[in-house]
Amino acid sequence: MDGTTPPPPQQQLRLYLHSEISTSHAAHGVAPHEDYFQYTAYCARRLHRLRHSKPVKKELVHVRLYKSSLSTRIIEPSATTNPAGNKAKKYAYRAIDLTNLPSQQLASHLNYFLEPLYCAERCWAASLALKAEMNTVMETSNDSSANNSGTALGGDKSNPRKDWSLGKFRAQSMKRLKKAVKYAELVETLALSTKAAPCDNAAEELGESKDATSTTATEEKEDNSVNSMKQEESIIVQPPVDEHTQMEARAYASFMRGNLALEMNQWQTACTEYQMALQLCEALGQGAAAAGTASSSGTDDGNVDVQQLELFDFFNSRAKNVIAPLLKYCHYELQEKGLSPTEKISFLQSSSSIISDGDPLQSKLHSLKNETLQTQATSGSSMSQITFRDNIIPVETKDLRMALLKIQDLKSGWEEEEEEKKRNNNDNTAASTSPTTSSNDDAKFMELLSGYDDAISLVNKELKQLAALKSGPAVNAKKFQLVNVLGYSKYQKLKLVMGRNEELTNGIIQKSNEDEGEGMALKHLEEVAHLYDALLQDARFVVSLPGGGSPDDFDGETTSAIVEDEFYLEANANVLRLRSLRCYYLARMHASPLVHKYSEAIALLDQAERLANEALEEIGACDQMENGDALLENLEKVAAEMRGEKCRVLALSYLSKSSSTGSGKCLLQRLHDYNIPSSPKSIAHVPPKLEPMACKPSFFDVALNYLSEYPVDELDRAMEEYNGAETASSGILGWFRRG
């Protein structure tokens, strides 16, 4: 043996690639805003910092000053000449190939892996930025072609891509995405690299042996060189990173390859790559959970490793929310030919519950829904007629049928969301019962309202075209149809808004009654009164809606007299009900302790009670009113509360007019006392105050059994000391004798 010791084992790196990327996305505009231009600029700045770090600058910077470093790409001699046979020009740029670096050097610094990672991220972000700009250009070009404005395709003069066509946008986006795949595969190659360090010493020794004159010296050197080569062959070169990082690199490369295949419509390749990325992410999540459990069992206090739990949640969330929907979409594309349009929509709806608007699943769902609605509107199989105010109105226009079908689809989706939300609130008893809704629910509600606005604008546009025509039987019949469709659309919109506002009002009343035992606070009364004011305004609009009657009585004027039918009577009854409730809560506002305007409150309560009685009669007379029984029951309950509130306000009004200086007792404790206090705001103490009670003699008999003997001697001694102190301090000079 030559006495040489083997080199120490190589230390492997541990990198959390996906956590690094996720943090960068959240901090630089990708996650919340999808601002890929900002993220591209950040990646460029980050790459400059990574490459110019002092330990790795020699291997990562593209300058010819470091052309002798190992990372320089080896160029074949044929590449140094051009096709004409002349030597190519030498530039200051140095081509870099990180695969030339040995594994030991790659393990010396993490920038060797972060540099290609952020190159891939920069190319990926640039590709998505170009795709977003292409979509914007398509929208602006459609608007400009519709308005015949002649605007350039790519935007204004300050945009360098103002003259690009859509095909060029697509080509450049695909080019950047292919480069992203190349850099992602480079990260995977570096993570699995087992390249050994170059052995120059053995080659030098073999060269010197040829010039030696002594054969024995030559044999010894050859033996040493052979031994050194055998020793190098026996050394197993480990990868520069551990198994966890290798799996992350493979998952990232598979995800990028899947994105490229998805853009190129290669569904089978995309399914394979996404499946690989999904399995690796699930394996990484399970490994993180196992590591966290092992670390908790290995410690004395039993605390779980927080970082491992975060990794478990992160990889499971990525697999479920990012990769799985894309994989399902690729499966859908593979089997699309065998599905009907209804099955396609249901499939995409089940897949796109967690997908944002910019993802392919959601865009595909929207396009399929539009195609289905257009087919139904063209065939006239759905929404060919509506029923409004006892009239069956045909819908003859394709655009109007399309708008009504869109409203029907949006309304069904919003109602499903509301039912699911109610079930979740009923299942989770600890959940908040606040009347506010989530942002997603609000977005769907506003989209439904915009659908009604589109239908109303279409009807108004057609009515404006008919206004220039002379009156006649055919024209009047067409106007009658459009007026009833207009009234139907406005009524459905107002009904939707009123139902939502009434739910908010009931939620505020219920929550305030649960939180405050003494009654509603002034701010809650103001909110309820404001909502009832808005409800009353909408109810009056319902009364004045156009439509109704018969085609024979229609005179061709869109602003004709109001028809007093069943619909009109129900709307008037609802107006009376809302007026009564509004007066009631306004009266409670005036009677609150902070306002104490009792005379106005009494007048409002009288008006509310009178309106409630009228509303009860009108609602009872309407047999076909929607939810009439529930409205009657609720209004009768409120009418009983009105009578009790009126008695309370009358008592407070009497007490506020009289004042005297007396006891601070409440009214309930001095019903037979004519001495009225100066602050007569309290009718009764809630909860009642504690009152003293006389103890029974038997209590003292029981307590005597637990008393010890009376300490007579100690008390006599204490009295003598006290009497002696008083005697010594008495007299003229007693003050000087103290102390």
Side-chain angles (χ1 to χ4, degrees), residues 373 376-415 444-467 474-502 535 537-575 622 624-628:
L373 293 178
Q376 293 177 355
T378 305
S379 62
S381 59
S382 300
M383 275 296 171
S384 58
Q385 60 184 13
I386 59 173
T387 303
F388 180 62
R389 301 181 74 164
D390 298 333
N391 289 321
I392 299 176
I393 309 299
V395 182
E396 300 176 353
T397 311
K398 174 187 173 182
D399 295 336
L400 193 54
R401 282 200 300 269
M402 179 79 176
L404 294 176
L405 285 170
K406 183 180 178 182
I407 290 171
Q408 186 179 8
D409 182 63
L410 293 173
K411 188 175 181 181
S412 62
W414 181 71
E415 289 175 351
K444 289 190 174 183
F445 181 76
M446 296 305 296
E447 188 178 3
L448 180 56
L449 291 183
S450 65
Y452 282 115
D453 291 335
D454 294 340
I456 292 170
S457 63
L458 285 174
V459 176
N460 287 327
K461 184 178 179 181
E462 294 188 12
L463 284 173
K464 189 180 293 185
Q465 294 175 355
L466 293 176
V475 175
N476 289 344
K478 184 67 174 178
K479 286 183 179 180
F480 179 78
Q481 294 176 5
L482 293 177
V483 165
N484 279 272
V485 173
L486 180 64
Y488 169 80
S489 301
K490 289 184 176 181
Y491 171 67
Q492 294 296 329
K493 179 183 176 182
L494 290 172
K495 179 182 175 182
L496 183 68
V497 175
M498 290 173 66
R500 187 179 177 88
N501 288 338
E502 197 143 8
L535 284 167
Q537 186 176 2
D538 291 338
R540 285 171 175 165
F541 285 152
V542 172
V543 173
S544 61
L545 283 177
S550 63
D552 299 333
D553 299 335
F554 186 70
D555 56 357
E557 297 293 334
T558 57
T559 58
S560 58
I562 296 176
V563 179
E564 296 185 0
D565 53 0
E566 185 71 19
F567 177 85
Y568 179 78
L569 297 177
E570 292 176 359
N572 270 331
N574 193 31
V575 169
C622 298
Q624 300 178 357
M625 187 172 184
E626 186 177 359
N627 297 328

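Being a predicted model, the structure only gives us computed values, none of them experimental.
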- Message: If I take atom CD1 from residue I386 and atom CD1 from residue I392, how far apart are they, to the nearest 0.5 angstrom?
- Response: 11.0 Å

- V483 to P546 - nearest heavy-atom pair and separation: CG1-CB, 3.7 Å

- Task: Of all the heavy-atom pairs spanning W414 and L448, show the shortest one and how long it is.
- Result: CE3-CD2, 4.3 Å

- Distance from N627 atom CG to E502 atom CD, nearest 0.5 Å? 9.5 Å

- Answer yes or no: is there a donor N or O on one side and an acceptor on the other, between the side chain of S489 and the main chain of L486, under 3.5 Å? no

- Message: Checking the side chain of N391 only, and the main-chain atoms of G549 only, is there a donor and an acceptor separated by less than 3.5 Å?
- Response: yes

- Message: Checking the side chain of N574 only, and the main-chain atoms of E570 only, is there a donor and an acceptor separated by less than 3.5 Å?
- Response: no

- Message: Within the structure provided, determine whether N501 and D538 are in side-chain contact (heavy-atom separation under 4.5 Å).
- Response: yes

- Item | Side-chain heavy-atom pair F480, I393 within 4.5 angstrom cut-off | yes

- So, do V475 and K479 sit near enough that their side-chain heavy atoms are less than 4.5 Å apart? yes

- For residues M498 and L535, report the shortest heavy-atom separation together with the two atoms involved. O-CD2, 3.4 Å

- Is the Y491 ring parallel, tilted or perpendicular to the F388 ring (thresholds 30°, 60°)? tilted

- Item | Presence of salt bridge, E626 and K495, under 4.0 angstrom | yes

- At what distance, to the nearest 0.5 angstrom, does CG of L405 lie from CD of Q408? 6.0 Å

- Message: How close do L545 and F567 get, counting heavy atoms only, and between which atoms?
- Response: CD1-CZ, 4.3 Å

- Query: Do you know the tightest heavy-atom contact between I407 and A455?
  - Reply: CD1-CB, 3.9 Å

- Decide yes or no for K411 and Y452: does some side-chain heavy atom of the first lie under 4.5 Å from some side-chain heavy atom of the second? yes

- Task: Evaluate the side-chain proximity of L449 to K493: yes if any heavy-atom separation is below 4.5 Å, no if none is.
- Result: yes

- Query: Does a sphere of radius 6.0 Å around CG in D390 hold more than 12 heavy atoms from other residues, nucleotides or ligands, not counting ones at 6.0 Å or beyond?
  - Reply: no

- Task: Inspect the contact between K478 and E396 and indicate whether a charged nitrogen and a carboxylate oxygen are less than 4.0 angstrom apart.
- Result: yes

- Note on the structure: All heavy atoms of Q481 vs all of P394, minimum pair found to be NE2-CG, 3.6 Å

- Taking atom CD of E415 as the centre, report whether more than 12 heavy atoms of other residues, nucleotides or ligands fall under 6.0 Å from it. yes

- Message: Any side-chain to backbone donor/acceptor pair from R401 onto V395? Under 3.5 Å, distance only.
- Response: yes

- Would you say R389's side chain and G547's backbone share a donor-acceptor pair under 3.5 angstrom? yes

